[in-house]
A.B. asks: 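Here it is: the structure, laid out below.
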Amino acid sequence: MARIVMKFGGTSVADLDRIKNVARHVKREVDAGHEVAVVVSAMSGKTNELVGWVQNTPKVAGADHSIYDAREYDAVVASGEQVTSGLLAIALQAMGINARSWQGWQIPIRTDNAHGAARILEIDGGEMVRRMQEGQVAVVAGFQGLGPDNRVSTLGRGGSDTSAVAIAAAVKADRCDIYTDVDGVYTTDPRIEPKARRLKKIAFEEMLEMASLGAKVLQVRSVELAMVFKVRTFVRSSFEDPDAPGMGDLLNPPGTLICDEEEIVEQEVVTGIAYAKDEAQISLRRLADRPGVSAAIFGPLAESHINVDMIVQNISEDGSKTDMTFTVPSGDVEKALRVLGENKDKIGYDVIQNESGLVKVSVIGIGMRSHAGVAATAFRALAEKGINIKAITTSEIKISILIDGPYAELAVRTLHSCYGLDKS
Ligand code: ADP
Ligand code: ASP
Ligand code: MG
């Protein structure tokens, strides 16, 4: 007997038939004698709809740019998961399985106060575990928790993955299965490159890079938690026949295992390609080249919660003036320009330029640590396709390249094939 956490994403619970199908996956594990907690997302599209409603509410009188109360945003957007957790509990009961739903506040899943992007601080799973030991399936609403202000909080988009891994860590589950609409983690997004291959295993560090560089198959924070708490996490499909052979295999279920790099026997140099759309570039021209200028730029941006990503500073030709270019999410450009405008005197630049609709494509692989020439291969392949590179950043296990938006898919496929990822 084992203890298993099963998470089902939005497409897996998109309607009542799919919820019934999810119940069959759960039944399989219950029938095998396991203790089961299930974490569900909202029906696909639901959270977008709820977010849209909040964004279209009237602005607070007198407010210039803060649009709505983040605590009420959470109260609204957390509701999608409340619905699916209840519906799945009902579907399980209809199959004769003892089950109940749990909202984040009922467990409770305690988070910090960052409404809209809260972090889980603590989960008191005692009562839930007691009931699981009595044979009751816990159906937990993902994405939500309880803030220190005693208000409902949400964990940021894609946050149900994090709910699942955090619960698996808290209840010391033997396994956490993330069921989604693909049957594992692929060498790149299979929607962009049909030749992408499913990986049997991927190292935590690589999955962390893939997720933070745009592969939304797992929320970044869920991978961090899996790595820190050593949660055995699999990504697998909810669309396969729940009763097909091997689906209930305890040690080797179908799908991709996220694991320590030591567990991977044949490590490739490059493991995968990720991309992130909607990047924007901002350039400050003819800045004074003096100590403190970076702090004067990025301090106020950070205080305004603007996530700056790639940063490129030119070496000054004459020692007095330089240029600084960096990227932010397209949605933050206006805010960033306003903040930089307000701080123009302190920073001391000549003009600001900006460009939206850019894409960052990234090459990821632990094998890069010990192999030279990985970056040169990418640059050559992109050049052959006439794709211009606007900025580059590298770390030990990744190379990120900023390009024009319309070239995104071509660039992903080009990089995917130049490292032979399309060949098994
Ligand atoms: P869920 O609703 O189940 O949480 P998501 O839409 O958040 O599902 O994540 C699954 C999607 O992630 C897939 O449909 C796929 O298009 C996308 N994806 C992006 N990169 C990858 C990758 N490297 N491997 C697998 N899926 C990926
Ligand atoms: N429903 C939430 C979202 O769409 C959380 C999740 O699906 O993981 O972001
Ligand atoms: Mg998701």
Side-chain angles (χ1 to χ4, degrees), residues 6-14 18 22 25 38-52 54 73-74 76-85 104 116-118 120 140-145 153-167 177-202 206-223 233-239 255-256 258 270-277 361-365 408-409 412 415-416 421-422:
M6 310 170 76
K7 180 260 173 178
F8 294 88
T11 40
S12 308
V13 293
R18 292 206 181 152
V22 164
H25 280 285
V38 191
V39 175
V40 285
S41 292
M43 292 181 179
S44 65
K46 192 58 181 177
T47 310
N48 287 346
E49 182 185 41
L50 297 169
V51 170
V54 175
Y73 167 94
D74 279 349
V76 175
V77 303
S79 66
E81 275 73 8
Q82 173 157 348
V83 173
T84 45
S85 59
I120 296 177
V140 181
F143 184 48
Q144 47 167 273
S153 56
T154 63
L155 309 178
R157 298 307 304 270
S160 298
D161 299 329
T162 300
S163 309
V165 176
I167 287 169
D177 290 355
I178 307 285
Y179 287 82
T180 182
D181 57 1
V182 277
D183 59 358
V185 178
Y186 278 68
T187 46
T188 193
D189 188 346
R191 287 192 211 196
I192 299 271
E193 173 52 283
K195 285 190 231 152
R197 282 182 303 112
R198 182 161 61 86
L199 298 160
K200 191 73 198 126
K201 294 178 179 176
I202 182 169
E206 291 172 325
M207 192 62 236
L208 213 50
E209 292 286 5
M210 291 277 277
S212 58
L213 295 167
K216 67 168 187 158
V217 60
L218 288 175
Q219 199 196 36
V220 180
R221 182 79 185 127
S222 71
V223 188
T233 305
F234 286 85
V235 174
R236 55 187 296 187
S237 167
S238 70
F239 293 124
T256 302
I258 326 292
V270 169
T271 302
I273 311 294
Y275 66 96
K277 288 189 168 166
V361 286
S362 303
V363 178
I364 295 133
E409 300 191 0
V412 167
L415 294 174
H416 191 260
L421 292 176
D422 39 8

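Just so you know, ligand 1 is whichever comes first in the structure, and atom 1 is the first atom listed for that ligand.
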A.B. asks: Specify whether F8 and Y179 have parallel, tilted or perpendicular ring planes, treating 30° as the upper limit for parallel and 60° as the lower limit for perpendicular.
C.D. replies: parallel
A.B. asks: I want to check something: taking the side chain as every heavy atom from C-beta on, are V39 and M6 in contact at a cut-off of under 4.5 Å?
C.D. replies: no
A.B. asks: Between M210 and I202, is there a side-chain heavy-atom distance shorter than 4.5 Å?
C.D. replies: yes
A.B. asks: Out of D189, T187, T47, whose heavy atom is nearest to atom 19 (C) of ligand 1?
C.D. replies: D189
A.B. asks: Under a 4.0 Å threshold between the charged nitrogen and the carboxylate oxygen, would D161 count as salt-bridged to K7?
C.D. replies: yes
A.B. asks: Where does R191 meet ligand 1, judged by heavy-atom distances below 4.0 Å: at the side chain, the backbone, both, or neither?
C.D. replies: side chain
A.B. asks: Run the numbers for me: atoms of ligand 1, each under 4.0 Å from some heavy atom of D181, listed by number.
C.D. replies: 10 (C), 11 (C), 13 (C), 14 (O)
A.B. asks: Within a distance under 4.0 Å of any heavy atom of T47, pick out the atoms of ligand 2 and give their elements.
C.D. replies: 1 (N), 2 (C), 3 (C), 4 (O)
A.B. asks: Side chains of V412 and D189: closer than 4.5 Å at any heavy-atom pair?
C.D. replies: no
A.B. asks: Could you list which atoms of ligand 2 come closer than 4.0 Å to a heavy atom of S41?
C.D. replies: 6 (C), 7 (O), 8 (O)
A.B. asks: Please answer whether the main-chain N or O of R221 pairs with a side-chain N or O of Q219 as donor and acceptor at a distance below 3.5 Å.
C.D. replies: no
A.B. asks: If you measure every N or O of S160 against every N or O of ligand 2, does any of those distances drop under 3.5 Å?
C.D. replies: yes
A.B. asks: I want to confirm something. Looking only at heavy atoms, which of L213, T188, V185, V217 is nearest to atom 27 (C) of ligand 1?
C.D. replies: V217
A.B. asks: Is it the case that ligand 2 has an N or O less than 3.5 angstrom from some N or O of F143?
C.D. replies: no
A.B. asks: Can you tell if the side chain of T256 reaches within under 4.5 Å of the side chain of F234, non-hydrogen atoms only?
C.D. replies: no
A.B. asks: Short N/O distance, under 3.5 Å, between S12 and ligand 1?
C.D. replies: no
A.B. asks: Under 4.0 Å, counting heavy atoms only: does G184 come that close to any atom of ligand 1?
C.D. replies: yes
A.B. asks: Counting only N and O atoms by type, is there a donor-acceptor contact under 3.5 Å from the side chain of E193 to the main-chain atoms of T188?
C.D. replies: no
A.B. asks: Tell me: protein heavy atom nearest atom 7 (O) of ligand 1, and distance?
C.D. replies: K216 O, 3.5 Å
A.B. asks: So, is S41 polar-close to ligand 1, with some N/O to N/O distance under 3.5 Å?
C.D. replies: no
A.B. asks: Any idea which atoms of ligand 1 are less than 4.0 Å away from a heavy-atom of V182?
C.D. replies: 13 (C), 25 (C), 26 (N)
A.B. asks: What residue and atom, counting heavy atoms only, is the protein's closest point to atom 2 (O) of ligand 1, and at what distance?
C.D. replies: G10 N, 3.1 Å
A.B. asks: To which of K216, R157, K46, M43 does the heavy atom nearest atom 9 (O) of ligand 2 belong?
C.D. replies: R157
A.B. asks: What I want to know is whether M210 and ligand 1 share at least one N or O pair that is separated by under 3.5 angstrom.
C.D. replies: no
A.B. asks: For ligand 2, does E81 get within less than 4.0 Å through its side chain, its backbone, both, or neither, judged by non-hydrogen atoms?
C.D. replies: side chain
A.B. asks: How long is the straight-line distance from OG1 of T162 back to CG of L155, given to the nearest 0.5 Å?
C.D. replies: 6.5 Å
A.B. asks: Out of curiosity, is G10 lining ligand 2, as in a heavy atom under 4.0 Å away?
C.D. replies: no
A.B. asks: V270 versus I364: any side-chain heavy-atom pair under 4.5 Å?
C.D. replies: no
A.B. asks: Hey, does V185 have a side-chain heavy atom less than 4.5 Å from the side chain of M207?
C.D. replies: yes
A.B. asks: Y186 heavy atoms, cut-off 4.0 Å: which ligand 1 atoms fall inside?
C.D. replies: 22 (C), 23 (N), 24 (N), 25 (C)
A.B. asks: Could you pull out, from D183, I364, T180, the option with a heavy atom nearest to atom 8 (O) of ligand 1?
C.D. replies: T180
A.B. asks: Give the numbers and elements of all ligand 1 atoms closer than 4.0 Å to a heavy atom of K7.
C.D. replies: 4 (O)
A.B. asks: Are V40 and V140 side-chain neighbours, meaning at least one heavy-atom pair lies under 4.5 Å?
C.D. replies: no
A.B. asks: Taking F143's backbone N and O only, do any of them form a donor-acceptor pair with S163's side chain (distance below 3.5 Å, no angle check)?
C.D. replies: yes
